[in-house]
Amino acid sequence: MKVAVIGSQWGDEGKGKVVDFLADGKDIVARYSGGPNAGHTIVIDGKKFILHLIPSGIFRKDTVCVMGNGMAVDPESLIKEIEDLRGEGIYVGENLLVSESAHVIMPYNRLLDSLNEKIKGSKQIGTTRKGIGPTYADKASRIGIRMGDLIREDVLKEKLEFILKIKNLLIKEFFGEKGFSFNELFEKALSWGERLKPFITNTTSYMKKAVIEGKSILYEGAQGTMLDIDHGTYPYVTSSNPTVGGIMTGLGVPPGAIDEVVAVVKAYTTRVGGGAFPTEEKGEFGCMLREKGGEYGATTGRPRRCGWLDLVVLKYAAWINGFTKIAVTKLDVLDGFEKIKVCIAYEIDGERTEEFPLNYSDLIRAKPVYLELDGWKKPVKGVRKKEDLPKEALNYVNFIADNMNAELLLVSTGANREHTVMFS
Ligand code: GDP
Ligand code: IMO
Ligand code: MG
């Protein structure tokens with residue numbers, strides 16, 4: 001079975017928890033997009049791990065983790081992640097493969113990410129400042145450095161000499177900042193190559209063989225549908241394709257290599273960074289949700305903006321990704337609420353619509369139309385069996401599944417691996 005696990009909202013839906021849970025017994029977990037802007041949290045026996053680049057299958061013995069060509073990799077952050085995991089006794093060796101075609105986040109791209117944000121002033125995207133935008137821009141401009149270049153000294157030298165001229169011009173002349181020394185950067189890049197050489201390989205050919213041999217595969221999404229550069233709330237998006245199409249371009253597998261597409265749906269909505277968010281609760285209720293849900297960024301520590309579930313978003317995401325199943329997370333955070341609100345439509349200048357507006361200037365005028373459902377009295381926190389879920393909670397998750405025209409796969413009732421109820 002080859003299953004995709006994709007964020008259906010604005011990221012941080014609990015993909016790490018769901019992927020780690022489903023990875024049990026799987027041959028491969030492969031990431032296809034994004035970079036260290038992601039923060040995927042996994043809690044095993046009360047111990048918390050946050051992964052940024054390494055796929056969430058790394059805690060499963062016998063599972064191979066693949067970082068695909070669609071990713072943007074910061075070598076320093078990857079080396080640190082490998083060392084940190086090893087320090088915790090987690091094995092990282094031939095079970096990790098990094099695509100030679102994945103793009104390298106160079107230090108100048110991290111700096112340019114911050115400088116670009118600064119210049120935007122009040123129109124800031126609120127990026128993670130990990131260098132994502134400038135790195136994907138280099139990829140599209142065909143001046144990017146790829147992971148395989150780090151282990152080919154001649155190629156690296158030629159590419160870096162050329163690129164650094166452009167980057168230093170921009171950094172020094174336009175932004176008035178200190179540029180980068182070629183020698184220092186070249187040496188640094190070679191040392192990354194040396195450290196990461198055992199992992200760098202042709203992952204496209206590895207995935208091809210795995211698919212042909214019928215291996216079980218999980219495709220791990222990063223970010224979320226509404227942060228997709230094509231389908232999200234542009235320009236307040238990331239610079240990659242977290243949606244289903246990203247799997248094919250980001251790993252080099254054909255559409256037939258995806259059997260199921262699972263949506264990870266947080267039981268309410270959050271967003272970190274700038275941009276439209278129709279169901280956002282800016283007052284006391286939003287703060288309460290943030291505290292109850294521990295909604296602080298796993299990568300930047302920033303407080304996440306919080307609000308009610310948005311079915312306009314979820315139905316749109318269901319179409320874009322072709323979701324066949326859903327995994328509802330953080331249901332326990334809604335414990336104790338008398339009533340639960342769900343946005344079923346938007347009103348834009350008095351006109352009601354259930355269609356997600358693609359034009360950003362329409363989107364910011366969208367007012368949510370709510371339906372109220374009954375909350376549940378008995379807490380769901382930590383529940384592991386379907387029979388132990390109160391009927392109102394079951395009603396809520398089934399209502400979401402029906403509206404998304406997908407089957408309910410699982411419900412997560414706590415951050416721990418075991419706090420999971422399987423449905424199918
Ligand atoms: P990801 O980026 O989609 O992997 O999600 P994050 O790890 O950034 O954010 C999800 C947060 O919710 C993390 O702190 C998880 O440990 C936590 N979490 C995941 N599932 C549940 C759940 O069912 N209940 C609760 N209370 N927390 C959860
Ligand atoms: P995971 O995988 C939530 C957001 C940033 C910003 C925008 C662009 O943990 O769900 P970028 O650094 O990518 O250029 O920032 O995208 N963002 C995320 N928000 N979860 C993520 O990843 C995110 N990755 C990027 O906050 O608004
Ligand atoms: Mg996250």
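Atoms within a ligand are numbered from 1 in the order they appear, just like the ligands themselves.
At least one N or O atom of G16 sits closer than 3.5 Å to an N or O atom of ligand 1. Remark: ligand 2 and D113 share no N or O pair separated by less than 3.5 Å (distance only, no angle test). At least one N or O atom of K15, backbone or side chain, sits closer than 3.5 Å to an N or O atom of ligand 1. For a threshold of 3.5 Å applied to N or O pairs, the pair formed by K381 and ligand 1 contains no separation below that value. Taking distance alone, with nitrogen or oxygen atoms compared against 3.5 Å, E13 stays at or beyond that limit from ligand 2. At least one N/O-N/O distance between D332 and ligand 1 falls below 3.5 Å. Between V43 and ligand 1, a contact under 3.5 Å exists for no N or O pair. Residue contacts with ligand 2: R302 is placed with a nitrogen or oxygen under 3.5 Å of a nitrogen or oxygen of the ligand (distance criterion only). Between N37 and ligand 2, at least one N/O pair is under 3.5 Å apart.
From the protein, the heavy atom lying nearest to atom 8 (C) of ligand 2 is V237 O, 3.4 Å. In this structure, atom 20 (N) of ligand 2 lies nearest to the protein heavy atom D12 OD1, 3.1 Å. The protein non-hydrogen atom at the shortest distance from atom 27 (O) of ligand 2 is V272 O, 3.1 Å. Nearest non-hydrogen protein atom to atom 15 (O) of ligand 2 is T127 CA, 3.3 Å. The protein non-hydrogen atom at the shortest distance from atom 23 (C) of ligand 2 is Q223 CG, 3.7 Å. Here the heavy atom of the protein found nearest to atom 17 (N) of ligand 2 is L227 CD1, 3.7 Å. Nearest non-hydrogen protein atom to atom 13 (O) of ligand 2 is T238 OG1, 2.6 Å. The closest protein non-hydrogen atom to atom 12 (O) of ligand 2 is T128 OG1, 2.6 Å.
When non-hydrogen atoms are compared, ligand 2 lies under 4.0 Å from neither the backbone nor the side chain of K130.
Between G39 and ligand 2 there is a heavy-atom distance shorter than 4.0 Å. Ligand 1 is approached by G414 to a heavy-atom distance shorter than 4.0 Å. Residue contacts with ligand 2 do not include R304, since none of its heavy atoms lies under 4.0 Å from the ligand. Not a single heavy atom of Y236 sits under 4.0 Å from any atom of ligand 2. Residue R271 places no heavy atom under 4.0 Å from ligand 2. Look at G39 and you'll find a heavy atom under 4.0 Å from some atom of ligand 1. Close to ligand 2: G126, with a non-hydrogen atom less than 4.0 angstrom away. Heavy atoms of R304 approach ligand 1 to within less than 4.0 angstrom.
Remark: ligand 2 atoms within the under-4.0 Å shell around heavy atoms of G273 are 27 (O). Within ligand 1, counting atoms from 1 as listed, the ones closer than 4.0 Å to a heavy atom of H40 are 1 (P), 2 (O), 4 (O), 7 (O).
The aromatic ring centres of F337 and Y396 sit 6.0 Å or more apart. Ring centroid separation for the pair F59 and F49 comes in under the 6.0 Å cut-off.
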May I have the list of side-chain donor-acceptor pairs in residues 13-29 shorter than 3.5 Å, sequence neighbours left out?
| residue | atom | partner | partner atom | Å |
| --- | --- | --- | --- | --- |
| E13 | OE1 | K15 | NZ | 2.8 |
| E13 | OE2 | S8 | N | 3.3 |
| E13 | OE2 | Q9 | N | 2.9 |
| E13 | OE2 | G11 | N | 3.0 |
| K15 | NZ | Q223 | O | 3.0 |
| K17 | NZ | S412 | OG | 3.0 |
| K17 | NZ | G414 | O | 2.9 |
| K17 | NZ | N416 | O | 2.9 |
| K17 | NZ | H419 | O | 2.8 |
| K17 | NZ | T420 | OG1 | 3.0 |
| D20 | OD1 | R417 | NH2 | 2.9 |
| D20 | OD2 | R417 | NE | 2.8 |
| K26 | NZ | L22 | O | 3.0 |
| D27 | OD2 | S216 | N | 2.8 |
| D27 | OD2 | S216 | OG | 3.2 |

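Closest non-hydrogen pair, G275 versus R305, comes out as O-NH2, 2.9 Å. Scanning all heavy atoms of the two residues, the minimum distance from P107 to L185 falls at CG-CD1, 3.7 Å. In plain terms, the two heavy atoms of N321 and V244 that are nearest each other are OD1-N, 2.9 Å. V98 and T203 get closest at one heavy-atom pair: C-CG2, 3.8 Å.
Cation-pi contact between K341 and Y370: present, with separation from the ring centre below 6.0 Å and deviation from the ring axis of at most 45°.
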In sequence, state the C-alpha distance, the side-chain angles, and the governing distance for I326 and E407, and then conclude on side-chain contact (heavy atoms from CB on, under 4.5 Å). CA-CA 6 Å; I326 71 165; E407 212 180 306; over 6 Å; no
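For NZ of K378, the number of neighbouring non-hydrogen atoms (other residues, nucleotides, ligands) closer than 6.0 Å is greater than 12. For K292, the NZ atom counts as densely surrounded, since its 6.0 Å shell holds more than 12 non-hydrogen atoms of other residues, nucleotides or ligands.
Partner E295 forms a salt bridge (charged side-chain N to carboxylate O under 4.0 Å, His left out) with one of R302, R290, K330 and no other, that one being K330.
The Mg ion (ligand 3) has an N, O or S atom of G39 closer than 2.8 Å.
A salt bridge (Lys or Arg N to Asp or Glu O under 4.0 Å) check over residues 356-377, counting only residues at least two apart or in different chains, returns the pairs K339-D374, D349-R365, D362-R365.
Among heteroatoms of the N, O or S kind in D12, OD1 lies nearest the Mg ion (ligand 3).
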